Amino acid sequence: MTDTPTILKKIIARKHEEVSEAKLARSEAALLAVADAQPPARGFANALIQRIENKQNAVIAEIKKASPSKGVIREDFNPEALALSYAKGGAACLSVLTDKDFFQGSNAFMQQARDAVALPVIRKDFMVDSYQITQSRALGADCVLLIVAALEQQQLNDLHQQAIALGLDVLIEVHNAAEMEQALMLDNPLVGINNRNLHTFDVSLDTTFELLDMVPKGRHVITESGIFTAADVAAMRAKDIYGFLVGESFMRAPDPGEKLAELFREAVV
Ligand SMILES: O=C(O)c1ccccc1NCC(=O)[C@H](O)[C@H](O)COP(=O)(O)O
């Protein structure tokens with residue numbers, strides 16, 4: 001594990017408590033039976049890669065009510081309506097925050113969004129235990145996020161292997177060069193570069209630009225956080241980055257899907 005920022009430490013500590021509580025309510029074996037009965041996942045990575053390889057914008061549109069850095073972002077919050085709006089606006093995939101204590105999310109939000117549209121969905125949460133991977137599949141997620149800063153290398157390997165075995169795709173998230181090296185040890189097509197510094201909450205798109213050269217052919221970059229303008233999108237596209245994960249900018253707009261279409265249409269160069 002790299003130097004863990006305070007907020008991440010707090011979130012991780014809470015996640016361990018949540019997992020212990022959840023295990024008392026339902027065993028992992030019981031959850032596995034539910035996971036095994038799920039229909040095949042929707043192909044999160046494929047939906048992105050098809051677009052990226054054609055130099056088309058591949059947008060993961062995020063459903064996020066609140067965050068530790070910004071507090072409440074959107075009062076008028078209906079996951080089903082937001083998913084429909086994003087599908088209409090041209091999203092490739094959805095991201096739904098399921099963490100309750102720090103993001104005011106819920107597992108039900110993810111299921112409501114997924115049921116409303118045909119788009120693949122990533123369960124956006126902080127994975128620290130195999131229980132959560134099984135739980136994600138049981139809840140109907142198509143992909144999970146693994147944050148390198150939150151895991152030891154062995155845990156990262158194990159959770160990744162488990163997710164793939166369950167039919168889930170994985171987005172591996174990094175913030176710096178050391179984490180990128182750790183991420184690249186795994187055979188995984190999607191690498192998320194998060195532009196948000198979790199120590200200070202500062203956001204700099206330079207994080208993506210600085211780490212880009214480390215990414216070998218065959219891996220696909222998703223730039224995460226801090227995309228607000230058509231110029232931001234154009235700057236990424238100029239560096240051959242076509243994968244985007246965007247939350248706040250859409251969530252603050254009256255019609256998030258319309259905002260998506262506007263931001264990414266204008267930016268096509
Ligand atoms: O958003 C936060 O404040 C935050 C704090 C601590 C850990 C993670 C955090 N955000 C999760 C995300 O990765 C973003 O929701 C996602 O990249 C979208 O970012 P944005 O477009 O800036 O909302």
Side-chain angles (χ1 to χ4, degrees), residues 1-16 19 44-45 48-49 52 58 60 62 68 93 95 97 99 102 122-134 136-137 141-226 236 239-245:
M1 198 183 309
T2 51
D3 268 351
T4 315
T6 314
I7 185 67
L8 197 55
K9 245 184 200 162
K10 281 189 193 160
I11 295 173
I12 290 168
R14 179 63 195 129
K15 286 295 141 188
H16 284 291
V19 169
F44 187 92
L48 296 168
I49 293 168
I52 291 171
I60 306 170
E62 189 153 278
C93 296
S95 164
L97 264 304
D99 171 78
F102 298 88
I122 184 169
R123 181 188 187 197
K124 196 82 179 310
D125 213 310
F126 298 80
M127 302 293 157
V128 295
D129 192 287
S130 72
Y131 185 92
Q132 296 164 292
I133 305 293
T134 308
S136 301
R137 185 72 174 105
D142 304 297
C143 183
V144 286
L145 179 73
L146 293 181
I147 301 173
V148 174
L151 299 163
E152 302 290 347
Q153 185 73 41
Q154 191 58 51
Q155 271 183 304
L156 181 64
N157 296 349
D158 292 347
L159 296 185
H160 178 261
Q161 197 178 35
Q162 183 197 357
I164 301 299
L166 283 172
L168 292 161
D169 285 328
V170 179
L171 177 61
I172 303 181
E173 179 178 298
V174 306
H175 302 85
N176 58 40
E179 291 172 16
M180 179 65 88
E181 279 173 14
Q182 285 183 260
L184 293 176
M185 285 185 214
L186 279 87
D187 182 12
N188 194 72
L190 300 179
V191 183
I193 302 179
N194 199 332
N195 300 307
R196 179 170 287 108
N197 179 321
L198 298 183
H199 296 272
T200 61
F201 289 146
D202 286 348
V203 175
S204 168
L205 302 190
D206 287 340
T207 308
T208 292
F209 300 133
E210 282 161 12
L211 298 182
L212 200 54
D213 284 351
M214 294 179 73
V215 181
K217 237 176 165 248
R219 309 287 185 127
H220 303 280
V221 170
I222 309 297
T223 186
E224 303 176 13
S225 305
M236 291 294 164
K239 297 278 184 191
D240 267 342
I241 297 166
Y242 305 101
F244 298 85
L245 196 161

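Owing to the predicted nature of the structure, the values given are computational and were not obtained by experimental measurement.
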> Would Leu171 and Leu146 satisfy side chain to side chain contact (heavy atoms under 4.5 Å, CB included), going step by step from the backbone distance to the final call?
Replying inline: CA-CA 6 Å; Leu171 177 61; Leu146 293 181; over 6 Å; no
How many angstroms lie between [atom1] in [X] and [atom2] in [Y], if you round to the nearest 0.5 Å?
X      : Y      : atom1 : atom2 : value
Phe102 : Arg14  : CZ    : CZ    : 8.0 Å
Leu205 : Ser225 : CG    : OG    : 9.5 Å
Met127 : Ser136 : CE    : OG    : 3.5 Å
Glu224 : Glu62  : CD    : CD    : 8.5 Å
Leu212 : Met236 : CG    : CE    : 8.5 Å
Ile133 : Ile164 : CD1   : CD1   : 10.0 Å

> Given the rule in the side chain to side chain contact (heavy atoms under 4.5 Å, CB included) test, do Leu245 and Thr223 qualify, once you have shown the distances and angles that lead to the verdict?
Replying inline: CA-CA 6 Å; Leu245 196 161; Thr223 186; over 6 Å; no
Are the side chains of [X] and [Y] in touch, meaning some heavy atoms are under 4.5 Å apart?
X      : Y      : answer
Glu173 : Val148 : no
Cys143 : Leu168 : no
Phe201 : Ile7   : yes
Glu181 : Met214 : yes
Asn197 : Val203 : no
Leu8   : Ile12  : yes
Leu48  : Ile60  : yes
Leu186 : Ile172 : yes

Keeping [X] on the side-chain end and [Y] on the backbone end, is there a donor-acceptor pair under 3.5 Å?
X      : Y      : answer
Glu210 : Thr207 : no
Arg219 : Pro189 : no
Asp169 : Phe44  : yes
Asn188 : Val170 : yes
Gln132 : Phe126 : yes

> Given Leu145 and Arg123, is the side chain to side chain contact (heavy atoms under 4.5 Å, CB included) satisfied, shown in steps?
Replying inline: CA-CA 7 Å; Leu145 179 73; Arg123 181 188 187 197; over 6 Å; no
> Checking side chain to side chain contact (heavy atoms under 4.5 Å, CB included) for the pair Ile193/Ile222: CA distance, chi angles, key distance, verdict?
Replying inline: CA-CA 6 Å; Ile193 302 179; Ile222 309 297; over 6 Å; no
>> Quick check: closest heavy atoms across Ile52 and Ala58, and the distance to 0.1 Å?
In response: CG1-CB, 3.8 Å
> Nearest heavy-atom pair of Leu156 and Gln182: which atoms, and what distance?
Replying inline: CD2-O, 4.3 Å
Assess, by modelled atom type and distance only, whether the side chains of [X] and [Y] contain a donor and an acceptor separated by less than 3.5 Å.
X      : Y      : answer
His160 : Gln162 : no
Thr208 : Asn195 : yes
Gln153 : Asn157 : yes

> What residue among Gln155, Gln161, Gln154 forms side chain to side chain donor-acceptor pair (under 3.5 Å) with Asp158?
Replying inline: Gln154
>> Does Asp240 have more than 12 heavy atoms from other residues, nucleotides or ligands lying within 6.0 Å of its CG?
In response: yes
>> Between Asp99 and Lys15 (salt bridge meaning N to carboxylate O under 4.0 Å), is one present in this structure?
In response: yes
